[in-house]
Structure formats: C-alpha cells, structure tokens
Chemist: 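Submitted below is the structure of interest, expressed as structure tokens.
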Amino acid sequence: MHVPDGFLDAPTSVATGVVAAGVVGASLVRASRRELDERTAPLAGLVAVFVFAAQMVNFPVGAGTSGHLLGAALAAVLVGPATATLCLAVVLAVQAFLFADGGVTALGTNVVLMGVVGVWVGYAVARGVLALLPRRLASIPVAASAGAFVSVPVAALTFTGLYAVGGAAPIPLGTLAATMVGWHVLIGLGEAAITFLAVTSIVAARPDLVHVARGRMPALELRTPEPVA
Amino acid sequence: MSTATDTPRVSTRRLVVVGLAVCLVIAGVVSFYASSHPDGLEHVATTLGFEGVARDSAAAGSPLADYGVKGVGDARLSGGLAGVIGAVVTGLVMFGLVLLVRRRGHRTHD
C-alpha cells in the first residue's frame, strides 16, 4: 500500500505530512510516558525490524496481485499504539529514503495510512474483540488478527478519501473505493494470518511484555484450564 | 500488573537475539521468494488507469533502490543483502529512538 510520489497533489501531501509529523511527535510523548519502559523497550526495536522484514515478503492474493503485511495492528497489540506509530514511521522512512519504496513527498501520506489509521483502527478493533473474549492469553492473538484484518481495508479506504481530496488524475471514486476495499479485504486475510502467528509467538515466549496483556490477563502461574462451555 | 514478571519463560536477551535472527532470515533469504506481482494499490492504479501519474521517488537513485544493492549482479545476493541492510538500519534507528525516548521519560519522572 506504499503510495508513490505523484498520486496525490502537493497540498494534500503537505497536509498529510503535517498530520504525520504531529502524530509522530505526540506518539513520542505518549510512548515515553505510557508505553515504553526498560522491560518493554527491546520488544519495540524487535517489532520494527520484524515489520520491515515481513513487508519485504509479498504474498499472492490472486489475479496477478500481491499484498504484504502492514504490521500496524501487530505492533499496536504488542508494544502499544503510540510505540507502534513510531515503529511504522521508522520502517516507512527507511523504505522511502534507502529503498525508494513509497514516495519521499508521500512519506507523510504513508505514515498516516499505515502508521496512524492502520495502527489505531487495528488497536481499537483488537481491544474491542479482546473485551468480548475470555480473559486469557490465548485470546490476544485472536483479537490481534481481527484488528489486523480490519485495519487493511480501512487504510485502503482512507487512501481513497485522500485521493478524493487531492488525487492527481480523475477517477470515479465509487469504483476506486470498491476496488481498493475489495483487494485489501483479501490482503487483510494474509495480514490476519501473519499477525496471529507473530503475536502467538510473543505471547508464548513473554506474555509479560505484551502491551494489551497489561493488567488484563490472569497471573501466569495461576492459570488453570478453563471449563469448556 | 498481574502477569508474572518475575518468571519470564524466555529471557529478554534471548527473545531479542532469536527474534532478530528470524527477521534477518526473512529479510535476507525468504524475501527472495516474495511474489513479484504488483501490490493491491499498484494493481488498482493500473486497472483504473492512474498509475501513470506516479513519479520517480527522489530516492530512486539510491544504491539500494527497489531492494537491490547496486553493483551486485546476482539477484538472490543483491536482494538478500539489501534486506539485511534494511533490517539492520531499521533496528539501529528504532533501538536508538527507544533509548532516547526512554531516557527522556526517566528525566521527567526523576
């Protein structure tokens, strides 16, 4: 979903750049006050590297089209939404400046789509689903993959909205919205699967580091099998 | 905090070392087998006919542009090396940022 330079006009790109810079600034503050501590900080580094690596691996979604992980919901569930925005912003900046993946003037747009909309939608959906599921660790990967699934088409729809405001070529917006969402629902399935696997691994290894597990899950040493309903 | 912080199953050091190793394998080796089809946005842009408005990025001349290392002929080596470099740079920037943010947090609280 990396937007190249030229898709959106200059005013729109400047606007998304300002929004992205503002949210990244606010995320630095929030991450430092509420999310990052000495124990969880290493996981934030690991999550950013994983998102970079996983984004290189495009998976086929049919009809000559591919998709790749955004990693926004995955990061938000594991390290918290503000830290997740920082992870995505770092990944997107490295991709734009070193690899010419995603435009340089479109960096703000890409941070908004993946690092802000993807992160917060994924996080909100994951939190909502988590509240409905039994209070145990096995619920976390399920909630994370639900957030992951929804985050991709919503980010795609947000691109459509930006394109409606500042798209460089006239395109029927209904068609654009429908095709963007259609393809990104399929990509969202891959996003959900990878997120499930990655979150399962971290929850299995170190549940105490997982952001959404804070204060919500029963103590590990007291965990007993739940009766089957 | 009700989770068992005093009985981690895996040490943080081990988690990070193993995790980074997995990431390097994904970026350096698995990435070679990635689908080369256009992604969702590119596909939609081509289908609807607005892919032409894309301009070359200002970074298009980067020696790592499009996930290859300029001058390395072998595609597997070039892409793998680019992936490893990207993973290392991402890690350095993020770990550095986290260190900075964490210190700043301590200063306000102390």
Chemist: Which bit of A:Val94 comes within less than 4.5 Å of chain B, counting heavy atoms only: side chain, backbone, both or neither?
Modeler: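 Contact with chain B is through the side chain of A:Val94 alone.
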Chemist: For the candidates B:Pro38, B:Gly79, B:Ala58, B:Gly68, which exhibits the highest count of non-hydrogen atom pairs separated by less than 4.5 Å from chain A?
Modeler: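 Answer, by heavy-atom pair count under 4.5 Å with chain A: B:Pro38.
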Chemist: Is there a side-chain contact between B:Ser35 and A:Val61 (heavy atoms, below 4.5 Å)?
Modeler: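 A side-chain contact is absent here, since even the closest heavy-atom pair is not under 4.5 Å.
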Chemist: Checking side-chain contact (heavy atoms from CB on, under 4.5 Å) for the pair B:Val89/A:Phe52: CA distance, chi angles, key distance, verdict?
Modeler: CA-CA 10 Å; B:Val89 171; A:Phe52 174 84; over 6 Å; no
Chemist: Given that the side chain runs from C-beta out, which part of A:Ala63 has a heavy atom under 4.5 Å from chain B: side chain, backbone, both or neither?
Modeler: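 Contact with chain B: backbone only.
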Chemist: I'd like to verify something: which residue of A:Trp183, A:Phe7, A:Phe50, A:Tyr163 has the highest number of heavy-atom pairs under 4.5 Å with chain B?
Modeler: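 The residue among A:Trp183, A:Phe7, A:Phe50, A:Tyr163 with the greatest pair count is A:Phe7.
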Chemist: For the candidates A:Ala31, A:Ala41, A:Pro172, which exhibits the highest count of non-hydrogen atom pairs separated by less than 4.5 Å from chain B?
Modeler: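 Top count of heavy-atom pairs under 4.5 Å with chain B: A:Ala41.
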Chemist: Between A:Ala93 and chain B, which part of the residue has a heavy atom less than 4.5 Å away: side chain, backbone, both or neither?
Modeler: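 Answer is neither: A:Ala93 stays 4.5 Å or more from chain B.
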Chemist: Specify which of A:Thr175, A:Leu8, A:Val3, A:Thr65 makes the most heavy-atom pairs with chain B at under 4.5 Å.
Modeler: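 Of A:Thr175, A:Leu8, A:Val3, A:Thr65, A:Thr65 has the most heavy-atom pairs under 4.5 Å with chain B.
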Chemist: Quick check for you: among B:Ser36, B:Gly86, B:Gly40, B:Gly96, which has the greatest number of heavy-atom pairs under 4.5 Å with chain A?
Modeler: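 Of B:Ser36, B:Gly86, B:Gly40, B:Gly96, B:Gly86 has the most heavy-atom pairs under 4.5 Å with chain A.
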Chemist: Identify which of A:Ala204, A:Ala48, A:Pro42, A:Gly64 forms the greatest number of heavy-atom pairs closer than 4.5 Å to chain B.
Modeler: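 Top count of heavy-atom pairs under 4.5 Å with chain B: A:Gly64.
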Chemist: Measure the CG-OG distance between A:Asp101 and B:Ser62 for me, rounded to the nearest 0.5 Å.
Modeler: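 Interatomic distance, A:Asp101 CG to B:Ser62 OG, rounded to 0.5 Å: 11.5 Å.
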Chemist: Before giving the answer on side-chain contact (heavy atoms from CB on, under 4.5 Å), spell out for A:Leu43 and B:Thr12 the whole-Å C-alpha distance, their side-chain angles and the decisive distance to 0.1 Å.
Modeler: CA-CA 8 Å; A:Leu43 184 59; B:Thr12 303; over 6 Å; no
Chemist: For B:Cys23 and A:Val49, which heavy atoms make the closest approach, and how far apart are they?
Modeler: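 Minimum heavy-atom contact is CB-CG1, 3.6 Å.
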Chemist: Taking side chain as everything from C-beta outward and backbone as N, CA, C, O, which of these in A:Ile202 sits under 4.5 Å from a heavy atom of chain B? Side chain, backbone, both or neither.
Modeler: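 Only the side chain of A:Ile202 comes within 4.5 Å of chain B.
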Chemist: Donor-acceptor pair, distance only, cut-off 3.5 Å: does the side chain of B:Asp39 make one with the backbone of A:Met1?
Modeler: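 At least one qualifying donor-acceptor pair exists.
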Chemist: For the atom pair CG (B:Leu15) and CG (A:Leu209), what is the distance rounded to the nearest 0.5 Å?
Modeler: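 Here the interatomic distance stands at 6.5 Å.
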Chemist: So which of A:Ser66, A:Ala106, A:Ala100 has the biggest tally of heavy-atom pairs under 4.5 Å with chain B?
Modeler: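 Most heavy-atom pairs under 4.5 Å with chain B: A:Ser66.
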Chemist: Quick check: closest heavy atoms across A:Ser32 and B:Val101, and the distance to 0.1 Å?
Modeler: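 In terms of heavy atoms, the two residues are closest at CB-CG1, 3.0 Å.
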Chemist: Kindly give the heavy-atom pair with the smallest separation between B:Val53 and A:Ala169, and that separation in Å.
Modeler: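 Scanning both residues, the minimum pair turns out to be CG1-CB, 3.8 Å.
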Chemist: Shortest non-hydrogen contact from A:Leu176 to B:Phe50?
Modeler: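 Closest approach of A:Leu176 to B:Phe50: CD1-CE2, 3.8 Å.
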Chemist: With chain A, which of B:Gly83, B:Ala60, B:Ala45 has the greatest number of heavy-atom pairs at distances under 4.5 Å?
Modeler: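 Between B:Gly83, B:Ala60, B:Ala45, the count favours B:Gly83.
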Chemist: Please walk me through it: do B:Leu48 and A:Thr179 pass side-chain contact (heavy atoms from CB on, under 4.5 Å)?
Modeler: CA-CA 9 Å; B:Leu48 301 185; A:Thr179 44; 3.7 Å; yes
Chemist: Set out, in order, the CA-CA distance, both residues' side-chain angles and the distance that settles side-chain contact (heavy atoms from CB on, under 4.5 Å) for B:Ile26 and A:Met56, then state yes or no.
Modeler: CA-CA 8 Å; B:Ile26 295 171; A:Met56 285 186 74; over 6 Å; no
Chemist: Quick one, B:Leu20 and A:Leu46 - any side-chain contact, counting heavy atoms below 4.5 Å?
Modeler: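 Yes, their side chains come closer than 4.5 Å.
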Chemist: For chain A, which candidate among B:His37, B:Glu42, B:Glu51, B:Arg13 shows the most heavy-atom pairs at distances under 4.5 Å?
Modeler: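 Counting heavy-atom pairs under 4.5 Å, the top option is B:His37.
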Chemist: Pick one of side chain, backbone, both or neither for A:Phe97, based on which atoms fall under 4.5 Å of a heavy atom in chain B.
Modeler: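 Just the backbone, heavy atoms under 4.5 Å.
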Chemist: Does the B:Thr90 side chain pair with the main chain of A:Val91, one donor and one acceptor, at a distance under 3.5 Å?
Modeler: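 No, the answer is negative, given that no donor and acceptor are paired below the 3.5 Å cut-off.
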Chemist: When only pairs under 4.5 Å are counted, which of B:Gly28, B:Ala87, B:Gly52, B:Gly19 shares the most heavy-atom pairs with chain A?
Modeler: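 The candidate making the most pairs under 4.5 Å is B:Ala87.
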Chemist: Can you find a heavy atom in the side chain of A:Leu86 that is under 4.5 Å from one in the side chain of B:Met94?
Modeler: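 A:Leu86 vs B:Met94: side chains touch.
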Chemist: Which region of A:Ala54, side chain (C-beta onward) or backbone (N, CA, C, O), has a non-hydrogen atom less than 4.5 Å from a non-hydrogen atom of chain B, or is it both or neither?
Modeler: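 The backbone, not the side chain.
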Chemist: Can you tell me which of A:Cys87, A:Gly67, A:Gly103 forms the most heavy-atom pairs within a distance under 4.5 Å of chain B?
Modeler: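 Most heavy-atom pairs within the cutoff with chain B belong to A:Cys87.
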Chemist: At a heavy-atom separation under 4.5 Å, does B:Val16 approach chain A through its side chain, its backbone, both, or neither?
Modeler: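 Both parts, backbone and side chain.
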